[in-house]
Amino acid sequence: MNAGFENEFFLLKSVLREGKEEWVPFDFSPYSSTSSYDAASPIFHEIVAALDSLNIPVEQVHAESGKGQFEVVLGYGPCTLSADNLIFARETIRAIARKHGLLATFLPKYSMEDIGSGSHVHVSLFRDGKNVFMGSSQYGMSKAGEEFMAGVLYHLPRLLAFIAPIPNSYDRLQPHTWSGAYQCWGRENKEAAVRAASPPGFPDGLVSNFEIKSFDGCANPHIGLAAILAAGIDGLRKHLSLPEPVDTDPSTCGPELKRLPESLSESLAALNEDNFMADLIGEKLLVAVKAIRKAEIDFYSNHKDAYKNLIYRY
């Protein structure tokens with residue numbers, strides 16, 4: 001399994017209001033604004049050069065739709081390398097932003113009045129250096145690709161406990177925010193939780209990889225990818241098949257389309273319902289993850305404003 005991450009984050013600048021420091025957006029330009037990128041270009045030239053020195057490939061940098069929000073897209077590669085690169089990239093971005101007097105935060109929902117930030121992950125299957133996810137099925141995938149993706153889609157409510165790991169994650173996972181709030185997949189549908197991708201350069205109709213929208217910047221990427229891999233393996237073992245794709249806004253499809261967990265409590269409950277991961281990622285790790293998620297739920301339930309301090313951690 002290969003993986004590649006998209007890093008969304010907000011650049012914030014410090015202002016003093018009545019003698020108190022506050023962090024506000026770096027700018028207020030719209031999606032893919034050239035003026036926004038131009039204003040931040042000295043920072044991004046330095047970030048890209050630093051990542052290049054670390055042999056971390058950068059495929060794209062642009063202004064995102066939030067106020068002061070940007071995205072750095074990394075190249076794909078083997079899971080462990082991609083997870084390492086994600087950590088190094090975040091550390092690099094945050095360090096260089098601080099050098100310029102700014103704060104970069106990857107928190108899923110830094111402001112309740114603005115769009116959230118994800119760490120969307122693209123997943124593909126390779127054998128001997130060749131992409132074996134593509135195929136000639138009705139959906140443009142191989143049998144293995146379809147079963148693997150079906151396993152991920154089926155287990156997505158449980159996967160959220162790994163890839164959307166704090167209560168703040170669920171403030172982001174809302175309809176109409178390109179974050180994937182419903183348990184469905186679609187072809188190039190950015191509102192679907194799992195998006196089958198056919199990027200330029202690939203034969204028409206063939207799917208090269210799929211994107212999981214729910215993954216966010218608070219998730220441990222190594223454990224998150226391990227959980228996705230486990231779900232895909234379960235799909236292969238059980239020969240799961242995909243439902244019909246959803247190519248419209250999922251919120252218009254009616255009650256037959258299942259909403260994904262709306263809180264960490266719900267995703268933890270889903271994880272507790274099925275112990276399929278125990279033999280794939282280990283019982284001890286699974287117990288630890290469940291315990292930490294419960295502790296997070298308890299803490300943020302008792303400290304409603306504590307999430308505001310997470311911009312300094314993530």
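Everything numeric here is computed off the predicted structure, so don't read it as measured data. Worth knowing before you read on, the calculation uses all heavy atoms, side chains too, and leaves out hydrogens, waters and symmetry mates.
A donor-acceptor pair is defined here as one N or O able to donate and one able to accept, closer than 3.5 Å; no such pair exists between the side chain of R259 and the backbone of S251. In this structure, D249 contributes its side chain and E191 its backbone to no donor-acceptor pair below 3.5 Å. Of the possible donor and acceptor atoms, one in the side chain of T177 sits under 3.5 Å from a partner among the backbone N and O of Q174. In terms of modelled atom types and a separation under 3.5 Å, the side chain of Q69 and the main chain of G116 share a donor-acceptor contact. Remark: the backbone N or O of A278 is not paired with any side-chain donor or acceptor of N275 at under 3.5 angstrom. Not a single donor-acceptor pair under 3.5 Å links the side chain of S82 to the backbone N or O of C79. Panel note: side chain E146, backbone S241; no donor-acceptor pair is recorded below 3.5 Å. Distance alone, capped at 3.5 Å, is enough to place a donor-acceptor pair between the S179 side chain and the R172 backbone. Here the side chain of N189 pairs a donor or acceptor atom with the backbone of T248 at under 3.5 angstrom. Proximity of a side-chain donor or acceptor of E8 to a complementary backbone N or O of G118 within less than 3.5 Å is detected.
Partner of L102 under the side-chain contact (heavy atoms from CB on, under 4.5 Å) criterion, chosen from I43, I96, L12: I43. With M277 as the partner, the side-chain contact (heavy atoms from CB on, under 4.5 Å) test is satisfied by one option alone out of D234, V289, L285, L159: L159.
To the nearest 0.5 Å, the span separating CD1 on I166 from CD1 on I297 amounts to 11.5 Å. Rounded to the nearest 0.5 angstrom, L125 CG and E147 CD are separated by 11.0 Å. Of the inter-residue distances, the one linking L160 atom CG with L260 atom CG reads 5.5 Å to the nearest 0.5 angstrom. Once rounded to the nearest 0.5 Å, the distance linking CG of L173 with CD of E262 reads 10.0 Å. Annotation: the span from S208 atom OG to H122 atom NE2 amounts to 9.0 Å, rounded to 0.5 Å. A distance of 11.5 Å separates CE of M149 from OG of S142, quoted to the nearest 0.5 Å.
A39 and P42 get closest at one heavy-atom pair: O-CD, 3.9 Å. Counting all heavy atoms, side chain and backbone alike, L86 lies closest to P221 at CD2-CB, 3.6 Å. Considering all non-hydrogen atoms of both residues, L240 and G151 come closest at CD1-CA, 3.8 Å. P167 approaches L264 most closely through the heavy-atom pair CD-CD2, 3.8 Å. The shortest heavy-atom contact between P243 and W185 is O-NE1, 2.9 Å.
Using a cut-off of 4.0 Å between Lys/Arg side-chain N and Asp/Glu carboxylate O, E211 and K213 are scored as salt-bridged.
Around the OH atom of Y139, the shell of radius 6.0 Å holds more than 12 heavy atoms that belong to other residues, nucleotides or ligands. Atom CZ of F88 sits in a sparse spot, with 12 or fewer heavy atoms from other residues, nucleotides or ligands closer than 6.0 Å. Under a cut-off of 6.0 angstrom, the local environment of NZ in K294 is sparse, with at most 12 non-hydrogen atoms contributed by other residues, nucleotides or ligands. In E18, the CD atom is not crowded: 12 or fewer heavy atoms of neighbouring residues, nucleotides or ligands sit closer than 6.0 Å.
Between F133 and F148, a ring centre-to-centre spacing not shorter than 6.0 Å is recorded. Between F106 and F9, the distance separating the two ring centers is shorter than 6.0 angstrom.
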Check the pair M112, Y307 against side chain to side chain contact (heavy atoms under 4.5 Å, CB included), reporting the backbone distance first and the verdict last. CA-CA 11 Å; M112 297 303 155; Y307 80 92; 3.6 Å; yes
Side chain to side chain contact (heavy atoms under 4.5 Å, CB included) assessment of D52 paired with V58: CA-CA 8 Å; D52 183 63; V58 176; over 6 Å; no
Derivation and outcome, side chain to side chain contact (heavy atoms under 4.5 Å, CB included), residues R90 and S119: CA-CA 11 Å; R90 286 179 188 158; S119 187; 3.4 Å; yes
Could you walk me through whether F162 and I228 pass the side chain to side chain contact (heavy atoms under 4.5 Å, CB included) test, one step at a time? CA-CA 9 Å; F162 296 87; I228 291 168; over 6 Å; no
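Between Y170 and S267 there is a side-chain heavy-atom pair separated by less than 4.5 Å. By the 4.5 Å heavy-atom criterion applied to side chains, L107 and C218 are counted as neighbours. Contact annotation: the side chain of S36 approaches that of F70 to within less than 4.5 Å [non-hydrogen atoms, C-beta and beyond]. By the 4.5 Å heavy-atom criterion applied to side chains, Y314 and D216 are not counted as neighbours. Inter-residue side-chain proximity for L103 and R98 is flagged as met; some heavy-atom pair is nearer than 4.5 Å. When side chains are defined from C-beta on, W23 does not count as touching F10, because their heavy atoms never get closer than 4.5 Å. A 4.5 Å side-chain heavy-atom check between Y31 and E64 finds at least one atom pair inside the cut-off. The shortest side-chain heavy-atom distance between P25 and L11 does not fall under the 4.5 Å cut-off.
There is no side-chain donor-acceptor pair under 3.5 Å between S124 and N131. There is a side-chain donor-acceptor pair under 3.5 Å between H222 and D84.
Taking the ring axis of Y154 as reference, the NZ or CZ atom of R158 stays within 45° of it and closer than 6.0 Å to the ring centre.
For the salt bridge (charged side-chain N to carboxylate O under 4.0 Å, His left out) test, no residue two or more places apart in sequence or in another chain qualifies with D38.
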